[in-house]
Amino acid sequence: MRRRAPLASLAPPPWLVRSLRPQPAPVPWAAAARAAVAMSLPLAIGTAAGHPAYGALASMGALSGVIGDTADAYRMRILNIAVPQLFGAVGVTLGSLVHGHGWTAVAAVTLVALVSGMMSTIGAVASVSGLLLLLNAVIGAGLPLPGAWWLAPVLMTGGGLLVLALALLAWPLRSGVPERTAVATAYRNVAALLEAAGAAHAREDAYDEARATVTASLNKAYDLVLARRARDRGRSPDLVRLIAELNAITPVVEAAPAAHRYGERLPPELPRAARRLADAIARGPAPDPVDLGLPGAVPEHYGAAARAVYQALRHAADTLADPDPLTAVPADDRLGRPAALRVRARRATRNVMLSGASWRYGLRLALCIGIAQALVSLVDVPRSYWVALTVTFVLKPDFGSVFSRAVLRALGTAAGLVVAAAVLSAVDRGWWDVPVVLVLAALIPALTPRGYGYQTAAITPVILLLSDVLNHQGFGLVLPRLLDSLIGCAIALVAGYLLWPESWHTRIGHRLADAVADTAEYVECAFGSPGGEPDPAARARMRRRLYRDLSDIRTEFQRALSEPPPMGARAAAWWPLVVAVERIVDATTAARVRVRHGAPAPAGAEAGEVVRQLRDLADGLREVEVLVPVPVEFTGPEDSVLEPLRQEVAAARAIASPRG
């Protein structure tokens with residue numbers, strides 16, 4: 001019998017290896033420069049004025065601005081940075097007012113945690129706002145802040161707004177550039193999708209990766225353009241042109257599955273034409289004709305998918321060159337526009353108050369913060385505000401798996417403490433703090449895209465250095481902070497993970513079941529409902545929503561894969577079904593394209609069979625956690641345009657997960 005290698009048992013588990021693997025991402029040089037200046041400048045001014053503690057407070061506020069400085073569009077940066085700063089000011093004010101008041105501090109911070117947790121389920125801006133509300137409340141309740149009660153919130157808010165001011169410096173020169181860049185990137189990704197779809201020997205996973213990339217880029221482009229549209233009361237021609245360009249690429253994306261599913265080759269001129277359009281969009285809003293390099297017509301030996309792509313690219317070129325794009329998009333945009341801000345705010349508030357998931361997360365975060373704050377306020381643990389700080393970061397719901405984040409937090413803090421120990425032991429306090437913060441601050445945006453552990457390792461030495469400016473504890477901060485982090489991780493794991501069955505019993509099947517049910521509706525919409533002919537605009541909106549939902553589900557599954565067994569193992573077993581559902585949507589779109597270009601339309605009974613099977617699958621996913629294969633037999637003709645779709649549905653129903 002072969003014996004295991006001695007070191008095999010010492011190897012880290014696969015889920016931990018996946019979590020520690022750095023994510024490939026370019027270095028955001030501009031963000032790194034902003035972080036370095038915004039965090040070192042207040043400290044330099046405070047040191048020069050003889051009040052380094054005030055400078056440290058402003059630098060802490062700048063750190064929160066750096067964390068929120070993630071948007072590309074300038075208008076979105078105002079929301080992502082300025083709005084959270086207001087909540088952060090409220091948080092530090094509340095925290096400082098209850099500092100040293102024992103049970104009052106525990107009750108106040110716990111209530112803030114409940115509100116913060118419920119806010120985090122609304123959306124991205126609300127999530128960051130809730131995070132800063134709680135973080136600054138914890139800091140205010142745990143640290144004796146210098147000056148009057150109003151000084152700390154003013155200084156911290158000023159530091160955050162400095163990041164915003166630096167981020168907006170180039171706005172007059174680059175207005176609209178992020179939106180144009182996002183749309184142009186979507187076109188370039190569509191060109192890559194066409195190459196993958198029309199290649200003679202394309203790998204299935206290569207096409208799936210290209211389609212997922214297109215979905216992500218379209219999501220980003222629509223979010224940027226439509227979010228800006230919601231703030232523009234007028235109908236800006238340049239903005240409307242971008243919306244029209246995004247709508248015009250939809251038929252191209254719909255035709256790609258037809259080429260891939262039916263093995264149709266695409267002329268190489270088509271991807272090149274898409275890239276020419278991308279270059280024209282990126283250059284600016286001038287309505288000049290674009291030479292696509294296309295022939296007058298698609299050669300006859302190419303199929304329906306090639307003709308659909310050809311026509312769509314011609315339409316996109318005409319839209320780009322239209323001197324009056326206001327006529328290209330009707331009053332109600334084809335793929336939807338966001339509601340007014342007050343309507344969305346009212347809707348979000350109602351949804352949060354009535355959502356069971358929102359209350360569950362808020363109560364879970366409040367429980368953990370209450371335990372941590374009780375430890376801070378009632379037990380003599382020096383500087384133990386770090387415990388509650390750790391709990392807050394680990395339990396952030398939209399940042400990933402709680403379990404893996406707790407592990408990564410501990411590892412990242414240990415790595416950051418090594419750097420902090422070197423700095424605190426070798427660098428004298430005073431002016432030397434400024435260049436050290438300048439260098440360390442630049443690492444935060446550089447390492448954040450690599451993963452949570454890397455972000456923690458970058459943030460830890462900066463916070464410790466600024467804390468030492470406030471408290472003058474020196475090297476003595478290092479070991480207590482490591483102990484505090486371990487205690488915070490333990491609280492999050494026990495009270496925020498193990499005590500909540502939804503954490504270790506997978507609920508990913510419910511999200512996937514909703515997507516399968518929506519796919520059934522999409523099939524019904526694509527091939528006509530009993531009420532009449534399918535509506536192209538409704539079908540386009542439904543397809544975009546489906547791909548967006550499936551993209552979000554992909555992200556959820558990736559997070560679940562970083563969980564330890566059995567959660568991670570079940571997610572890995574379910575992963576093929578996620579891919580199968582995406583292919584069902586592709587096959588539906590491909591069949592619709594072929595019908596539009598002359599293929600015989602399927603009978604209503606054929607589509608009805610597919611719809612029933614998908615709804616049965618959705619019902620089954622809601623009832624079980626372990627998948628069971630179900631044999632499927634369809635009665636339609638083998639030469640039907642729906643045959644590839646039926647094959648994909650049969651493959652989805654044949655997927656089974658290992659029991660146990």
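For the numbers below, each heavy atom of this structure counts, side chains included, while hydrogens, waters and symmetry mates do not.
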Novice: Distance-only, no hydrogens or angles: does the H101 side chain make a donor-acceptor pair with backbone N or O of H99 under 3.5 Å?
Specialist: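 Answer holds: yes.
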Novice: Just jot down the side-chain hydrogen bond (donor to acceptor under 3.5 Å, both in side chains) partners of S485, sequence neighbours excluded, or say none.
Specialist: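 Once residues adjacent in sequence are excluded, the partners of S485 under the side-chain hydrogen bond (donor to acceptor under 3.5 Å, both in side chains) criterion are W386.
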Novice: With side chains defined as the heavy atoms from C-beta onward, is the minimum distance between R481 and S467 less than 4.5 Å?
Specialist: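 When only atoms from C-beta onward are counted, S467 and R481 do not touch, as no gap falls below 4.5 Å.
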Novice: Taking all non-hydrogen atoms of both residues into account, name the closest pair between I81 and G68 and its distance.
Specialist: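 Taking I81 first and G68 second, the nearest heavy atoms are CG1-O, 4.1 Å.
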Novice: Keeping the roles fixed (side chain from T460, backbone from A457), state whether a donor-acceptor pair exists under 3.5 Å.
Specialist: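 A pair under 3.5 Å: no.
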Novice: Using distance alone, with no hydrogens and no angle criterion, decide if S64 and Q85 have a side-chain donor and acceptor under 3.5 Å apart.
Specialist: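 There is such a pair (donor and acceptor under 3.5 Å, judged by atom type) between the side chains of S64 and Q85.
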Novice: Given side chains that start at C-beta, do those of L466 and L470 come closer than 4.5 Å, heavy atoms only?
Specialist: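 Side chain of L466 against side chain of L470, heavy atoms only: no contact under 4.5 Å found.
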Novice: For a quick test of reading the model, state the closest non-hydrogen atom pair linking I444 to V66 and the distance between them.
Specialist: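 Looks like CG2-CG1, 4.2 Å.
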Novice: Could you walk me through whether Q373 and V387 pass the side-chain contact (heavy atoms from CB on, under 4.5 Å) test, one step at a time?
Specialist: CA-CA 8 Å; Q373 193 62 35; V387 178; over 6 Å; no
Novice: When rounded to the nearest 0.5 angstrom, what distance separates CD1 in I463 from OG1 in T413?
Specialist: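 So the gap between those two atoms works out to 9.0 Å.
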Novice: Within the structure provided, determine whether T448 and Y454 are in side-chain contact (heavy-atom separation under 4.5 Å).
Specialist: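 T448 does not reach Y454 side chain to side chain.
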Novice: Using a 4.5 Å cut-off on heavy atoms from C-beta on, say whether the side chain of M39 contacts that of L162.
Specialist: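 Result no, sub-4.5 Å side-chain heavy-atom pair not found.
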Novice: Please check if atom CZ in F87 has more than 12 non-hydrogen atoms from other residues, nucleotides or ligands closer than 6.0 Å.
Specialist: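 Counting other residues, nucleotides and ligands, CZ of F87 stays at 12 neighbours or fewer.
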Novice: Please walk me through it: do R211 and Y547 pass side-chain contact (heavy atoms from CB on, under 4.5 Å)?
Specialist: CA-CA 10 Å; R211 181 185 26 72; Y547 277 127; 3.8 Å; yes
Novice: Test side-chain contact (heavy atoms from CB on, under 4.5 Å) on L43 and L438; report intermediate values, then the result.
Specialist: CA-CA 10 Å; L43 188 59; L438 186 144; over 6 Å; no
Novice: Do we see a donor-acceptor contact under 3.5 Å between the side chains of Y361 and S116?
Specialist: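 Checked: Y361/S116 side chains show no N/O donor-acceptor pair below 3.5 Å.
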Novice: If you take all heavy atoms of A492 and C368, which pair is closest and at what distance?
Specialist: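 Heavy atoms only, the tightest pair is CA-SG, 4.5 Å.
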Novice: Apply the side-chain contact (heavy atoms from CB on, under 4.5 Å) test between P84 and each candidate in I67, V128, L131; give the one that qualifies.
Specialist: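 Looking at I67, V128, L131, the match for P84 under the side-chain contact (heavy atoms from CB on, under 4.5 Å) is V128.
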Novice: Among residues at least two apart in sequence or on other chains, which ones pass side-chain hydrogen bond (donor to acceptor under 3.5 Å, both in side chains) with R545?
Specialist: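 Here no residue qualifies.
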Novice: Pair up each side-chain donor or acceptor in residues 133-142 with any protein partner under 3.5 Å, not counting sequence neighbours, and list the distances.
Specialist:
unit_1 : atom_1 : unit_2 : atom_2 : d
N136   : ND2    : G88    : O      : 3.0

Novice: In Å, rounded to the nearest 0.5 Å, how long is the span from OG1 of T392 to CG of L365?
Specialist: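 Rounded to the nearest 0.5 Å, the OG1-CG separation comes out at 6.0 Å.
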Novice: Partners of A414 by side chain to side chain contact (heavy atoms under 4.5 Å, CB included), sequence neighbours excluded?
Specialist: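 Listed in chain order: L482.
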Novice: Just wondering, do P146 and L151 contact through their side chains at under 4.5 Å, heavy atoms?
Specialist: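 L151 vs P146: side chains apart.
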Novice: Working to the nearest 0.5 Å, report the span between CZ of F393 and CD of Q455.
Specialist: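 One gets 7.0 Å once the value is rounded to the nearest 0.5 Å.
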Novice: Measure from the side-chain N and O atoms of R34 to the backbone N and O of V163, and report whether any donor-acceptor pair falls under 3.5 Å.
Specialist: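 Not confirmed, R34 side chain does not pair with V163 backbone.
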Novice: Please walk me through it: do L132 and L86 pass side-chain contact (heavy atoms from CB on, under 4.5 Å)?
Specialist: CA-CA 9 Å; L132 289 190; L86 299 178; over 6 Å; no
Novice: Considering residues at least two apart in sequence or located in another chain, which fulfil the side-chain hydrogen bond (donor to acceptor under 3.5 Å, both in side chains) criterion with T215?
Specialist: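 Residues passing side-chain hydrogen bond (donor to acceptor under 3.5 Å, both in side chains) with T215: none at all.
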Novice: What are the two closest non-hydrogen atoms of A56 and V469, and how far apart are they?
Specialist: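 Closest pair (atom of A56, atom of V469, distance): CB-CG1, 3.8 Å.
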Novice: Please enumerate all residues that pass side-chain hydrogen bond (donor to acceptor under 3.5 Å, both in side chains) together with S40, with sequence neighbours excluded.
Specialist: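 S40 satisfies side-chain hydrogen bond (donor to acceptor under 3.5 Å, both in side chains) with no other residue.
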Novice: Decide yes or no for I491 and I487: does some side-chain heavy atom of the first lie under 4.5 Å from some side-chain heavy atom of the second?
Specialist: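 Yes, close enough: below the 4.5 Å cut-off.
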Novice: Please examine the side chains of N219 and S551, heavy atoms only from C-beta on, and report whether any two atoms are closer than 4.5 Å.
Specialist: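 Of all side-chain heavy-atom pairs linking N219 with S551, at least one is under 4.5 Å.
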Novice: Roughly how far apart are L486 CG and T390 OG1, rounded to 0.5 Å?
Specialist: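 Interatomic distance, L486 CG to T390 OG1, rounded to 0.5 Å: 8.5 Å.
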Novice: Nearest 0.5 Å, please: how far is CG in D514 from CG in L621?
Specialist: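 So the CG of L621 and the CG of D514 are separated by 10.0 Å.
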Novice: V436 versus L465: any side-chain heavy-atom pair under 4.5 Å?
Specialist: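 The answer is yes, as the side chains (C-beta and beyond) meet within the 4.5 Å cut-off.
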Novice: Could you tell me the separation between the CG atom of L577 and the CG atom of L617, rounded to the nearest 0.5 Å?
Specialist: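 L577 atom CG to L617 atom CG measures 6.0 Å (nearest 0.5 Å).
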Novice: Give me the atom names and distance for the closest heavy-atom approach of A458 to L447.
Specialist: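 In terms of heavy atoms, the two residues are closest at CB-CD1, 3.9 Å.
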Novice: Identify the heavy atoms of T157 and A89 that sit nearest to each other, and give their distance.
Specialist: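 Of all heavy-atom pairs spanning T157 and A89, the closest is OG1-CB, 3.3 Å.
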